[in-house]
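One-based numbering, in listed order, for ligands and for the atoms of each. No hydrogens, no waters, no symmetry mates; every other heavy atom, side chains included, goes into these values. Being a predicted model, the structure only gives us computed values, none of them experimental.
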Amino acid sequence: MQFEPVIGLEIHAQLNTKSKLFCTASTEFGQLPNTNVSPVSLGLPGALPVLNKEAVQLAIMAGIALDCEIQERSIWARKNYFYADLPKGYQISQFEHPICLGGRVHLIDLNKTVRITRIHMEEDAGKLNHQGADGIAGATSSAADLNRAGVPLIEIVSEPDIRTAQEARAYMEKVHQILTFIGVCDGDLEKGSFRCDANISVRPVGESAFGTRTEVKNLNSFRSIERAVEFEINRQISVISSGGAIVQQTMNFDDTSGETTPLRSKENAHDYRYFPDPDLQPLIVTASTIAAIKSSMPELPDAIQERYSTILALPAHDIKVYLQNRPLFDLFEASCAHLKKATPKDLSKWVVGDLNALIKESNTPITQAPQVFAELVDRCSANDVSTKMVKDLLPVLVKGTPLDDAIKAMGGGQISDQTELTTMVDAVLNEHPDVVEKIKNGKTNSANFLMGQIMKKTQGRANPDAVLALILDACKPQ
Ligand code: ADP
Ligand code: MG
């Protein structure tokens, strides 16, 4: 029997705020345990939550970027459960009335659209550090760190539209690209800022009802989502093929073994006893606020992709690099606006190549004005500076040195002085009487050879137009 996988993802993305969702405690990563806390994030009795407006704005930006309907009214709900990293005994989330409904993500390379069911806001829980042995099972003690408790998240729930492990990975990558590009989430997978739960089932091909699903929790890399989904699809198919049945449960994925293992039986919504949080007003967002956020949003990756490939004619590789690197994209945009002679493609070659490498190497933001890079590439297109000179100038320019000073420091820019050039041309003509003869006989193309000799001697600094004119003039047929 042939089986068709059905997959839906729940992505948790941390919103890029300085303080937590309902208090002023810091969200900074890597602090000493239990230092980023407040009475609210500790869940002390009587402490009241106050909503972080910036988190709401970021959630709305995410909703707009993912093509959702932003809801003018959403409701905070308590999701009740017991765990040592949750001192309040409930997580504040949104349940029946989330901030965003509907939406879609287009996977261009796979020509596939994945629909989004909803996006809701919620607070993160704390973190348990298991000590004394590796893994939960062997631990002799566990310490709770509540620095993460109360950090703002959005949960993006997809429709079960995904059919392969590759699509699951591509969807996760695309959502990650969009959210990090617009600055809603820092996207740091290693710090847990972006993680994913994968719901997976299989059904016989042709069957319209979904099969029983399992949920693989906390996948925190693109590679692990692909491997986990692939493994779980194959596991389910072999269980069913050998006459067994899938148990609806929550699974863990072990990155080392590449296998999924059961974690707990799957809970249902009613287990959580959701109810509206009496400490919080409904969240009201006016249509004008939504419109204002919409108009302040940066251009989105899909639009940039389209514009860069059709209008600017940039290579696919360059576009990919920009969409993964917002500061580099900003630098390219700012610089591109100043181009006079060179094409955006000429400029992009340097930005994606040498400049990107230099920025990575120095690990500090560029202080140079973006128009300087445009001017440099323009001068290169005008044959004012050679590509060799561009290569040598860029490391100096990124440090903020003015272009003219950098060129001077290199021994000078282009040599246009007639006397100087004439001396050089005369010397080269004397060295190659045979070539001079050819030109005199009408083979003007041979002038390029002499030009090459002069460029070699001057390391590309001689003004090519002036040199050519001098050569042709000296080799005029008598
Ligand atoms: P829960 O609240 O238990 O996590 P939801 O109904 O909100 O369940 O669904 C969570 C995710 O599971 C969604 O992304 C949805 O698309 C996906 N999903 C639901 N049913 C199935 C199924 N049978 N197979 C695969 N994915 C499913
Ligand atoms: Mg779930």
Colleague: Hey, would you say the Phe181 and Phe329 ring centroids sit under 6.0 Å apart?
Modeller: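 Yes, ring centres under 6.0 Å apart.
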
Colleague: For ligand 1, which atoms have a heavy atom of Gly211 less than 4.0 angstrom away?
Modeller: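 Checking each atom against Gly211, I get 23 (N).
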
Colleague: With atom 12 (O) of ligand 1 as the reference point, say which of Val202, Thr214, Asn199 has the nearest heavy atom.
Modeller: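 That would be Asn199.
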
Colleague: As an exercise, identify every atom of ligand 1 less than 4.0 angstrom from a heavy atom of Phe210.
Modeller: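 Here the atoms of ligand 1 in question are 23 (N).
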
Colleague: Just to be sure I read this right, does ligand 1 sit under 4.0 Å from the backbone of Asn268, its side chain, both, or neither, counting only heavy atoms?
Modeller: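 Neither part.
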
Colleague: Arg104 and His106: side-chain donor and acceptor closer than 3.5 Å?
Modeller: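 Arg104 vs His106: no donor-acceptor pair found between side chains.
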
Colleague: For the aromatic rings, using the six-membered ring if either is Trp, is the centroid distance between Phe332 and Tyr322 under 6.0 Å?
Modeller: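 Judged by ring-centre distance (under 6.0 Å), Phe332 and Tyr322 do meet the cut-off.
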
Colleague: With no hydrogens and no angle check, just 3.5 Å: does a side-chain donor-acceptor pair link Ser381 and Asp378?
Modeller: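 Asp378 and Ser381 do not have a side-chain donor-acceptor pair below 3.5 Å.
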
Colleague: To which of Gln248, Arg213, Glu10 does the heavy atom nearest atom 21 (C) of ligand 1 belong?
Modeller: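 Considering heavy atoms of Gln248, Arg213, Glu10, the nearest to atom 21 (C) of ligand 1 sits in Arg213.
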
Colleague: Distance only, no hydrogens: is a donor on one side chain within 3.5 Å (strictly under) of an acceptor on the other, for Glu232 and Thr260?
Modeller: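 Yes - a donor-acceptor pair under 3.5 Å links their side chains.
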
Colleague: Any chance the side chains of Arg213 and Asn199 put a donor and an acceptor closer than 3.5 Å?
Modeller: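 Checked: Arg213/Asn199 side chains pair up, N/O donor to acceptor below 3.5 Å.
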
Colleague: Only heavy atoms of Val6, strictly under 4.0 Å: list the atoms of ligand 1 that pass.
Modeller: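 In order of number, 24 (N), 25 (C).
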
Colleague: Quick check on contacts: which atoms of ligand 1 are under 4.0 angstrom from a heavy atom of Glu159?
Modeller: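 The atoms of ligand 1 under 4.0 Å from a heavy atom of Glu159 are 16 (O).
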
Colleague: Within ligand 1, which atoms have a heavy atom of Pro160 less than 4.0 Å away?
Modeller: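 Result: 16 (O).
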
Colleague: Tell me whether the centres of the aromatic rings in His338 and Phe373 are closer together than 6.0 Å.
Modeller: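 His338 vs Phe373: aromatic centres not under 6.0 Å.
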
Colleague: Relative to the heavy atoms of Val157, which atoms of ligand 1 are at a distance of less than 4.0 Å?
Modeller: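 Going through ligand 1 atom by atom, the ones under 4.0 Å from Val157 are 13 (C), 14 (O).
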
Colleague: Is the closest N or O pair between Ile7 and ligand 1 shorter than 3.5 Å?
Modeller: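 The answer is no, given that Ile7 and ligand 1 share no N or O pair closer than 3.5 Å.
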
